[in-house]
Structure formats: C-alpha cells, structure tokens
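Reading through the structure tokens given below for one structure.
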Amino acid sequence: MIPVLAPGFLSWDEVDPARHPFDAASAEQVVRSLGPARCVPRRPDVAFTDPVMSDWSWGEARRWADAMSHALMEHYGRWAAGWRWSHDEGDFDGGPVGHWCCPRDSITTPEETLTRVVAALCEWRAWLESLAGWIEAYPLDLDTVEDDRILWDRAARNLILQVTDHTGCGSGWHRHCHQVLTWFLDRRTVPPDLAEDLVDRAIGGRFLSWTGPDGALVDDVAERLAQSLRPADRALSAEPLPDHLEHWLAVRESVPWQRAPDSGADGPVTPSRDGAAEDVREFDGALDPDRARGLLTALELLRADAARDARLDFGLLQRWQQHVLGTEEPP
C-alpha cells in the first residue's frame with residue numbers, strides 16, 4: 001500500500017510557493033504523463049447506494065487516488081498532497097478545493113477524471129499562493145511585536161476570513177483554519193509546537209463545523225493570538241535573513257534601461273501610469289479597503305511635502321504614518 005501524506009500535516013516550508021516552483025500551464029501535461037494517468041479506474045454503472053459502489057470507492061478508486069497523490073508529490077514535492085483537500089466531507093474534510101470531492105464522485109471517465117485532477121492541483125496551488133500573499137502582506141517581526149500588535153491582529157483576522165470564504169465553513173473547516181494560522185506563525189519564526197499551542201488557545205474550541213464564525217468571534221480570536229506573542233517566542237534558525245535591498249538592486253540591474261525610448265525632455269519623466277497608487281488600490285485594497293485609503297492619503301501627503309521641499313524629519317514621518325495606521329493621533 002502506498003503511504004499518502006494527509007495535507008493537514010504539512011509545514012509552511014513544505015507548501016511555501018516561494019520554495020517550490022510550479023508552472024500551471026504545464027500541469028496538464030505533467031499529470032497525464034504520470035503512471036496513474038494510464039490506468040484510471042472506471043466507475044461502476046450502479047446506484048450510489050449499491051454496496052458495489054461503496055466497495056469500489058473505498059477499494060480500487062481510493063487506491064488509484066492515493067497512487068496519483070504519491071506520483072504528484074514525487075514530481076512537485078509534498079505540497080501537492082493538498083490537491084484532494086476538498087470542501088466538507090471529501091477525501092480529507094474541510095479543505096479549500098472545489099474541483100475534487102472523493103473517488104466515488106470525482107472518478108468517472110479517464111478524460112474527465114484527469115481534467116479534475118489538473119484543476120484541483122491548480123486550485124490548491126492558487127490557494128497557497130493567495131495565502132502567501134496574505135501572510136506577507138505586513139512586514140511583521142517578533143522583535144517589534146509589542147509595537148505592532150495591531151498589524152499581527154489584522155493579519156490573523158484576514159487569514160481567518162480567507163479560510164471561511166474558501167472552505168465555505170462546512171465540515172472540518174476549522175482544522176484548516178487552525179493550520180493556516182499555524183503556518184502564519186511558523187513563517188514569522190514561531191516554533192511549530194509553540195505555534196500550535198498559541199493557535200489552540202486563541203481559538204479555544206469555538207470554531208465549529210457547518211458554522212461560520214461571526215465578526216465578533218473572528219476579532220476575538222485574532223486579538224487573542226496577537227496578544228499572546230512575545231519577542232522571546234522566536235525560533236532559533238541557522239538560515240540568514242534575506243537581504244531584500246540586495247535583491248532589489250539585482251532586479252534593477254537586470255532591467256535594460258538603455259533600451260527605453262528617449263522622450264527628448266529634460267527633467268523628470270511623466271509616467272504613463274501611477275504604479276504606486278495602482279499597487280495600493282489593487283493589492284492593499286483587496287486586503288483591507290480602509291488600509292488602502294490610508295495609504296493613498298499618506299502617498300498624497302508625501303508627494304505634496306516633497307514638492308514643497310519639506311524637511312524630512314520624524315514629525316513628517318509621523319504625519320504620514322498616522323494615515324497608514326488609521327490612528328487618531330500621530331503614532
């Protein structure tokens with residue numbers, strides 16, 4: 001029997017899209033090239049209530065799905081195990097995948113079945129990439145957690161809402177929510193065992209199957225989690241922190257600036273679009289509209305102050321940051 005990894009046991013390092021490249025355009029070709037693709041079982045032509053269907057689903061069909069999981073993990077890495085983490089009472093219960101349910105419902109003809117596998121794999125990967133975006137939305141560091149609790153709170157709240165939206169709050173959804181919050185802390189260098197414990201205590205058994213949490217409960221869980229963190233919670237790591245400035249400079253060097261057409265005008269170039277404002281509207285606006293409005297206000301103030309040659313001092317930074325954080329007084 002092939003041992004299959006349940007997606008609930010995956011760590012953030014194992015699913016982090018930044019660590020595991022994936023090309024959605026070639027996914028269909030990859031899936032159809034794997035061994036299990038050449039021997040897709042056919043669903044028996046009997047009623048779902050017939051014992052023959054149950055025997056087939058829990059026997060031949062499940063063994064095939066396990067074999068496909070094993071083949072996908074061998075090709076892509078352990079993160080691919082999540083392609084069967086379907087909504088409600090599917091293969092693994094309470095996941096974010098809608099293109100796959102379970103062997104009985106999802107295995108039909110070979111063509112349809114493989115199409116579902118590809119769609120489910122790409123859907124799972126898209127979810128991981130979306131999560132990575134939400135997890136990286138705020139520059140959080142345990143060393144400054146005492147000053148940034150509002151950002152930790154907001155990040156946790158956004159993640160909970162994303163999970164409720166993508167799982168539909170059906171059977172077992174809270175287990176995936178627990179895992180996502182643990183991934184969030186893991187990414188921020190909280191040791192896995194401690195992260196599990198902190199998330200357990202923050203949720204307190206209050207998230208239930210088939211029940212979506214109200215806003216007050218989501219806010220309370222996020223606040224409890226943020227308030228429980230301490231700078232000393234950081235895990236020891238042998239890996240150096242990434243040098244983002246070095247990466248930015250490398251990207252700038254890779255751009256063929258010399259090929260850009262010369263406008264013939266002296267002085268600053270008028271851009272065809274406002275990249276900074278567009279990024280705020282598209283990215284931050286999707287995360288938190290209030291935060292986006294504050295960022296855009298701060299951007300307008302920054303540009304106005306630069307235009308009048310204002311002296312860059314701490315007071316000026318406070319004036320901008322007040323709108324970013326949405327506080328009544330300068331921070």
Side-chain angles (χ1 to χ4, degrees), residues 1-17 19-24 26-128 131 166-167 170-173 175-176 178-180 183 209:
M1 178 176 290
I2 298 174
V4 176
L5 179 71
F9 292 98
L10 293 166
S11 68
W12 178 245
D13 281 351
E14 291 171 323
V15 301
D16 184 0
R19 291 174 175 262
H20 308 282
F22 175 72
D23 176 27
S26 65
E28 181 172 4
Q29 180 181 355
V30 169
V31 168
R32 294 179 182 276
S33 71
L34 300 176
R38 296 191 288 273
C39 54
V40 181
R42 288 186 175 273
R43 187 166 65 188
D45 187 17
V46 297
F48 277 7
T49 55
D50 192 310
V52 171
M53 178 66 78
S54 179
D55 291 343
W56 174 83
S57 177
W58 287 97
E60 179 186 6
R62 186 164 295 275
R63 287 193 297 272
W64 180 87
D66 288 348
M68 178 57 80
S69 290
H70 183 74
L72 288 171
M73 285 188 285
E74 280 195 327
H75 183 87
Y76 288 115
R78 285 159 63 94
W79 69 266
W83 72 276
R84 291 164 63 193
W85 204 350
S86 55
H87 301 316
D88 305 332
E89 298 173 339
D91 271 356
F92 293 109
D93 196 25
V97 175
H99 285 92
W100 183 270
C101 173
C102 54
R104 187 197 70 176
D105 293 338
S106 300
I107 297 179
T108 52
T109 66
E111 182 65 26
E112 288 180 343
T113 302
L114 295 178
T115 297
R116 289 192 181 102
V117 172
V118 173
L121 178 67
C122 291
E123 183 181 12
W124 170 247
R125 175 66 182 209
W127 168 239
L128 294 178
L131 279 181
H166 282 76
T167 63
S171 173
W173 75 271
R175 284 190 285 275
H176 187 43
H178 183 287
Q179 182 184 44
V180 167
W183 282 345
S209 292

Check the pair Trp83 / Val117 against side chain to side chain contact (heavy atoms under 4.5 Å, CB included), numbers first and verdict last. CA-CA 7 Å; Trp83 72 276; Val117 172; 3.7 Å; yes
Passes side chain to side chain contact (heavy atoms under 4.5 Å, CB included), Glu111 versus Val40? Steps please. CA-CA 9 Å; Glu111 182 65 26; Val40 181; over 6 Å; no
Set out, in order, the CA-CA distance, both residues' side-chain angles and the distance that settles side-chain hydrogen bond (donor to acceptor under 3.5 Å, both in side chains) for Ser11 and Arg78, then state yes or no. CA-CA 10 Å; Ser11 68; Arg78 285 159 63 94; over 6 Å; no
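Closest heavy-atom contact between Val97 and Ala120: CG1-CB, 3.9 Å. Contact between Asp105 and Arg43 at its shortest, heavy atoms only, is O-NH1, 3.6 Å.
Between Trp56 atom CH2 and Arg63 atom CZ the span is 11.5 Å, to the nearest 0.5 Å. In this structure, CH2 on Trp12 lies 6.5 Å from CG on Leu128, to the nearest 0.5 angstrom. Distance check, rounded to the nearest 0.5 Å: CG of Leu10 to CE of Met73 gives 8.5 Å. Within the model, atoms CH2 of Trp64 and OG of Ser69 stand 9.0 Å from one another, a figure rounded to the nearest 0.5 Å.
The closest donor-acceptor contact from the side chain of Ser171 to the backbone of Ser209 lies at 3.5 Å or more, if one exists at all. In this structure, the side chain of Thr109 engages the main chain of Glu112 through a donor-acceptor pair within 3.5 Å. Checked by atom type and distance alone, the side chain of Ser106 pairs as donor or acceptor with a backbone atom of Cys101 at under 3.5 Å. Side chain of Thr113 to main chain of Thr108: a donor-acceptor pair is present (N/O by atom type, distance under 3.5 Å, no hydrogens or angles). In terms of modelled atom types and a separation under 3.5 Å, the side chain of Glu60 and the main chain of Pro41 share no donor-acceptor contact. With Trp124 contributing its side chain and Trp79 its backbone, the two residues share a donor-acceptor pair below 3.5 Å. Trp85 places a side-chain N or O within donor-acceptor distance of the main-chain N or O of Asp93, the cut-off being under 3.5 Å. Side-chain atoms of His20 do not come within 3.5 Å of backbone N or O of Tyr76 as any donor-acceptor pair. Under the 3.5 Å distance criterion, the side-chain polar atoms of His87 are matched with a main-chain donor or acceptor of Gly95.
Side-chain atoms of Pro110 and Arg42, non-hydrogen and from C-beta on, do get closer than 4.5 Å to each other. In this structure the side chain of Leu121 reaches within 4.5 angstrom of the side chain of Phe22, judged on heavy atoms. Using a 4.5 Å heavy-atom threshold, the side chains of Asp91 and Arg62 count as touching. Two residues are said to be in side-chain contact when any heavy atoms from C-beta on lie closer than 4.5 Å; Met68 and Leu114 meet this criterion. With a 4.5 Å cut-off on side-chain heavy atoms, Glu74 and His70 count as touching.
Ion pairing between Asp66 and Arg84 holds under the 4.0 Å rule for side-chain N and carboxylate O.
Using the six-membered ring where Trp is involved, Trp183 and His176 have ring planes that are perpendicular, over 60° apart on the 30 and 60° scheme.
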